[in-house]
Amino acid sequence: MNALANPEVGKYLNEYFVSSFQKVATFKIVGNQKQGGNVAAYFCAPDGRVLHVVAGPVNAQTMLHEAKWVVETTRKAMEVARGDGARFKATFRKAHADRLRAEHGLVVEAVTFDPPLDQDDKGALTYRDPSGRPLAPRLPPPPIDGPDVTFRDKQEAAKAASFPAIADRKGGRWNLGNQGRVHQLMAAHCLVKIEKLYGTVFENILGEKISTKPVEVVTPFPWVARKGRE
Amino acid sequence: MRIPWRRLTATLAAGLLFSLGLAAAQAGETATCGNHGTSVEFVDTPALAAKKAAKEEKLVFVLHVSGHFEDPRFT
């Protein structure tokens, strides 16, 4: 993570955030090379509800920009909400929808009300991983309404960059990179707890498989090591 | 003029102990599990980060990695 080695990024994060890390997936070591693996950075409220995500490795400038956006948007949302949690959530989700429109040229309707969930995490019918925890759900992103023609250049840039295709609700196909997909997801699921969101980010956006398995070490010529031991 | 070595040694020792105590107290206040080759100070767990953030009125930054974050070669 070169971005986090940058002194300016470190100074800003240390000033406004308390940081920690978790290992959520595995990778292979073939010879001395790492294969696979990824990273996601979550900016959260102190109660673990996610305000923003940076999916995948980014440079120092992008990391700093995203961290500053979180702090500034939190300030604005607190001013607007005046202690009302529902309004704070709606403001943040609208901010994500606005960034999707302005920076990626696509329109989604921010979901400002969460219907009550009927899933019981403690019920006998809930699937669990071997450690007994419920599986991380795959949260559905809100449907894309279509392009915002005033930001047509953003979509053309995304197409030129060969970002993966995504369909809108009318069947039109557009291109959207990782960070655009984050804004799409957060327009509906911002301020959801990190344990409910990380599965969607790691598997649906980054294309990684969540795992708590240890690192798999693959030696291309196992007989060499075996011969050495004999 | 005679130098009171015994008193001087005692004063120096007291000063040294005070500075060591102060340094230890300061280290205790900002207890982190290190920066792992970055410029960011990390605490041990997200739960601890959340508790500290609530106390200091800060936000929480959680990094999810697939790798040995402690080993920069595999991060």
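Hydrogens, waters and symmetry mates are skipped; everything else that's a heavy atom, side chains included, is used. This one's a predicted model, so the numbers in the text were calculated from it and none came from an experiment. In what follows, chains carry the letters A, B, and so on, assigned in the order in which the sequence lines appear, proteins first and then strands, with residues in each chain numbered from 1.
In this structure, A:Phe21 has its ring center no closer than 6.0 Å to that of B:His64. Ring centroids of A:Phe43 and B:Phe61 are separated by less than 6.0 Å, placing the two rings close together.
A donor-acceptor pair under 3.5 Å is formed between the side chain of B:Ser39 and the backbone N or O of A:Ala5. One N or O on the side chain of B:Lys58 and one on the backbone of A:Asn14 form a donor-acceptor pair closer than 3.5 Å.
Screening residues 54-75 of chain A for salt bridge (Lys or Arg N to Asp or Glu O under 4.0 Å), with sequence neighbours left out, gives A:Glu66-A:Arg99, A:Glu72-A:Arg75.
Counting all heavy atoms, side chain and backbone alike, A:Ser20 lies closest to B:Pro46 at OG-N, 3.1 Å. Pairing each heavy atom of B:Val60 with each of A:Ala45, the nearest pair is CG2-O, 4.0 Å.
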- Message: Assess the residue pair A:Gln22 and B:Val62 against the criterion (side chain to side chain contact (heavy atoms under 4.5 Å, CB included)); give the C-alpha distance rounded to whole Å, side-chain angles, the decisive distance to 0.1 Å, and a yes or no.
- Response: CA-CA 7 Å; A:Gln22 282 178 309; B:Val62 180; 4.1 Å; yes
- Query: Between A:Asn6 and B:Thr38, does a side chain to side chain contact (heavy atoms under 4.5 Å, CB included) hold up when you go through it step by step?
  - Reply: CA-CA 7 Å; A:Asn6 182 291; B:Thr38 69; over 6 Å; no
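For A:Glu8, no part lies under 4.5 angstrom from a heavy atom of chain B.
Of the listed residues A:Val70, A:Val54, A:Asp47, A:Ile194, the one with more heavy-atom pairs under 4.5 angstrom with chain B than any other is A:Ile194. Residue with the most contacts toward chain B among A:Lys11, A:His52, A:Glu15: A:Glu15 (heavy-atom pairs, distance under 4.5 Å). Note: B:Leu59 leads B:Val40, B:Thr45, B:Leu59 in heavy-atom pairs under 4.5 Å with chain A.
Counting heavy atoms of neighbouring residues, nucleotides and ligands inside a 6.0 Å radius, atom NZ of A:Lys76 does not exceed 12 of them. Environment of CD in A:Glu195: crowded, with over 12 heavy atoms of neighbouring residues, nucleotides or ligands closer than 6.0 Å.
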